[in-house]
Amino acid sequence: MSAFISIGHRITVASLRDFIITHTLNAGDSLVVSSQDFQELVHEIKSSSEGIPDIPFNLLGVNILQDPTDAVPVGKLQIVKNEQSYL
């Protein structure tokens, strides 16, 4: 697995979108976030006009996943390149 990356500020839908564009992530790639950050993202989306997100959800073709091992620290993320869809 790759190293944990700090995006420099709170993890939000907008900050993830900017990160995906800046780092030219591709469809099939995944970003893994901590359980706490994932729950905050879900809450942010629920509170927006977009309604309840599909889980796992994707942003610009990149899967946004909750870390099942609790290894990713709050405020950081992990990039998984070319993740095969399990759905």
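Just so we're clear, the structure is a prediction, and the values are computed from it rather than from any experiment.
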Write down the atom of A71, the atom of F4, and the distance for their closest heavy-atom approach. O-CZ, 3.3 Å
I5 reachable from I64 in the ILVMFWY side-chain graph, under 4.5 Å edges: yes
Non-hydrogen side-chain atoms of D37 and V72 separated by less than 4.5 Å: no
Tell me the closest heavy-atom pair linking V13 and E44, and the distance in Å. N-OE1, 3.2 Å
Side-chain heavy atoms of L65 within contact of L31, under 4.5 Å: no
For H43, I'd like to know if atom NE2 has over 12 heavy atoms of other residues, nucleotides or ligands within 6.0 Å. no
Rounded to the nearest 0.5 Å, the OG atom of S35 sits from the CD atom of Q66 at a distance of 4.0 Å
Please examine the side chains of F38 and D67, heavy atoms only from C-beta on, and report whether any two atoms are closer than 4.5 Å. no
Rounded to the nearest 0.5 Å, what separates atom CD1 in I20 from atom CG in L59? 4.0 Å
In short, H9 meets S15 closest at the heavy-atom pair CE1-CB, 3.3 Å
Straight-line distance of Q36 CD to L41 CG, nearest 0.5 Å: 11.0 Å
Polar side-chain atom of D29 near backbone of N82 as donor-acceptor pair, under 3.5 Å: yes
What distance do T12 atom OG1 and I45 atom CD1 have between them, rounded to the nearest 0.5 Å? 10.0 Å
Hey, quick one: are L77 and L60 part of the same hydrophobic cluster, counting side-chain heavy atoms closer than 4.5 Å, chains of contacts allowed? yes
Side chain to side chain contact (heavy atoms under 4.5 Å, CB included) with V62: of V80, I79, L25, only one passes, and it is L25
